[in-house]
Amino acid sequence: MAKQLRVALVGYNFMGRAHSNAWRQVKFYFPELKLEPVMVAICGRNKAKVEAVRERFGWAEAVTSYDELLKRDDIDLVDITSPNNQHAEMIAKAAAAGKHVFCEKPLATCLADAKAALAAVKKAGVCHMICHNYRRAPAIALAKEMIAAGELGEIYHWRGFYLQDWLMSPDVPMMWRVQKKIAGSGSLGDLMAHSIDLAHWLVGDIDSVACTMKTFIKKRPMLADVDAGLGGKAAEGAKMGTVDVDDGVITLARFKNGALGTFEATRFAAGRKNYNAFEINGSKGTLVFNLERMNELEYYNCSDPDKALGFRTIQATADCHPFMGLPGGGGPRYWPVAHIIGYEHTFINTVFDLIEGVAKKQSPAPNFEDAVKTQAVLEACETAHKQDAWVKVPK
Ligand code: SOE
């Protein structure tokens, strides 16, 4: 293994854990790595909390000062998984310090901040990538290959859903994902951002949107621990806070290439636990994906013989499928065919492409240019909702 890529991670909740696992596992599954990741430090405001996970997550040090971290010359890349309102400033500081930047979605809480983050990394000439991990689910990457090869023909419809149900109880407290000043938006930026990124990648750019949102539960108890992420508990006898983000959002979209799109994101779809799904209808067929059946891609091919017409289920776990085979026909990357993989592998695949990008001094897609495009659609959705009208996606 050649040179090292020395990494620091910011954040230790859900995404901090998913990213730590990816940094730990990537060299185990990707022997062809050009740079060896070195997990130098994990950073968090709460010393006790960050130290409590340091060893288990695989980091050499636990630190509490981001500014001090950036002064170090033994850090090449900063991986940001902190709440959304911290992203833009952290990116700007990391870029100014000459560090490559990997950041969880969404890039920022508004388009202006997203553009500033992009300008900072471009000015510094550092590599940048946003973590839309689902692009690297093998079945979705297969969908991309099939569409790019023309197997769906002209695309008529994109139908995207990202449905969860973890907020349906009024007892779920005022965690950061339901506070506009921290999250920027609710299910729009947290969930629909993923669908928008996938739609951009699989179908194309969006020209205009119409959008409606709703906050179903407007008051929630304050958190006992303000640093808590998903699963945080309400304080005993907590005061009630006011939810100022969307619980559910529906968007209509017109793509620049003429396709029509619908997007739906919510945390109030009882029974849907992490239903990130899409259906794409083209002139030659249809593709359907459902994250809750992550290894599978449903395919309808209009050219099948009449007696065989129908949806087939492709299981994207063979060596020929994206991310599933070692280079040069070296056998399975993860496991033999049908020994299915999971959510965490989408992050491992993403981190691999990030490291390969840095080795080539490139910013792998989706990078911050892509992230600004997604943020522009998020902003257009907010405007369309406020104006109750169709809105052009801003540049
Ligand atoms: C919300 O519950 C969430 O954790 C999102 O923030 C992630 O981006 C998504 O991948 C899983 O669900």
Side-chain angles (χ1 to χ4, degrees), residues 9-22 79-87 102-109 114 129-137 139-141 160-169 172-180 182-201 216-217 220 223 227-233 243 245-249 263-278 289-294 341-351 366 370-371 374-375 377-378:
L9 171 73
V10 181
Y12 46 76
N13 281 317
F14 180 14
M15 286 301 130
R17 193 155 67 93
H19 286 222
S20 297
N21 179 65
D79 179 359
I80 299 168
T81 71
S82 56
N84 303 346
N85 63 328
Q86 299 173 31
H87 292 179
F102 184 40
C103 187
E104 258 300 320
K105 43 50 64 181
L107 187 58
T109 55
M129 187 180 190
I130 187 161
C131 185
H132 276 297
N133 54 299
Y134 298 116
R135 287 196 185 198
R136 291 169 171 84
I140 295 182
F161 311 88
Y162 204 146
L163 314 179
Q164 296 178 341
D165 67 2
W166 57 273
L167 252 184
M168 289 180 67
S169 163
V172 175
M174 285 292 296
M175 54 162 299
W176 69 263
R177 279 183 171 83
V178 299
Q179 298 184 44
K180 187 171 184 63
I182 302 176
S185 62
S187 52
L188 177 71
D190 190 37
L191 300 177
M192 196 175 277
H194 280 298
S195 298
I196 293 165
D197 175 72
L198 287 176
H200 279 159
W201 191 47
F216 296 112
I217 296 178
R220 292 186 177 277
L223 268 171
D227 282 337
L230 288 167
K233 300 289 178 239
V243 175
V245 296
D246 54 291
D247 287 329
V249 51
F263 297 80
E264 194 174 343
T266 184
R267 291 131 165 194
F268 279 70
R272 296 297 188 187
K273 301 306 177 183
N274 199 29
Y275 187 76
N276 177 9
F278 61 76
F289 174 80
N290 162 12
L291 184 69
E292 293 179 0
R293 300 177 68 95
M294 182 191 123
I341 63 169
Y343 173 73
E344 73 273 25
H345 300 95
T346 67
F347 290 90
I348 298 170
N349 296 341
T350 301
V351 162
D370 303 301
T374 297
Q375 201 84 42
V377 176
L378 297 176

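When a ligand or atom number is given, it counts from 1 through the structure's own listing order. Just so it is clear, the values below take in all heavy atoms, side chains as well, and ignore hydrogens, waters and symmetry mates. Along the sequence shown, residues are numbered consecutively beginning with 1.
A salt bridge links D197 with R135: the closest approach of a Lys/Arg side-chain nitrogen to an acidic carboxylate oxygen falls below 4.0 angstrom. The existence of a salt bridge linking R177 and D190 is confirmed by a sub-4.0 Å separation between a basic side-chain nitrogen and an acidic carboxylate oxygen.
Counting heavy atoms only, Q164 comes closest to atom 2 (O) of ligand 1 of the residues K105, Q164, R177.
Looking only at protein heavy atoms, the nearest one to atom 7 (C) of ligand 1 is H194 NE2, 3.8 Å. Distance from atom 1 (C) of ligand 1 to its nearest protein heavy atom, with residue and atom name: D190 OD2, 3.1 Å. Nearest protein heavy-atom contact of atom 4 (O) of ligand 1 is F14 CE2, 3.2 Å. Protein heavy atom in closest approach to atom 11 (C) of ligand 1: Y162 OH, 3.4 Å. Distance from atom 10 (O) of ligand 1 to its nearest protein heavy atom, with residue and atom name: Y134 OH, 2.6 Å.
Not a single heavy atom of R267 sits less than 4.0 Å from an atom of ligand 1. Distances shorter than 4.0 angstrom occur between a heavy atom of Y343 and an atom of ligand 1.
Aromatic ring pairs are classed by plane angle as parallel below 30°, tilted from 30° to 60° and perpendicular above 60°; the pair F268 and F216 is tilted. Classified by interplanar angle (parallel below 30°, tilted 30° to 60°, perpendicular above 60°), the ring pair F161/Y275 is tilted. A perpendicular orientation is assigned to the rings of Y134 and Y162, their planes being inclined by more than 60° (bins at 30° and 60°).
Here the straight-line distance linking atom CE of M175 with atom CZ of R220 works out to 10.0 Å at 0.5 Å rounding.
Remark: ligand 1 and N133 share no N or O pair separated by less than 3.5 Å (distance only, no angle test). For a threshold of 3.5 Å applied to N or O pairs, the pair formed by E104 and ligand 1 contains no separation below that value.
Residues passing the salt bridge (Lys or Arg N to Asp or Glu O under 4.0 Å) test with K233, sequence neighbours excluded: none.
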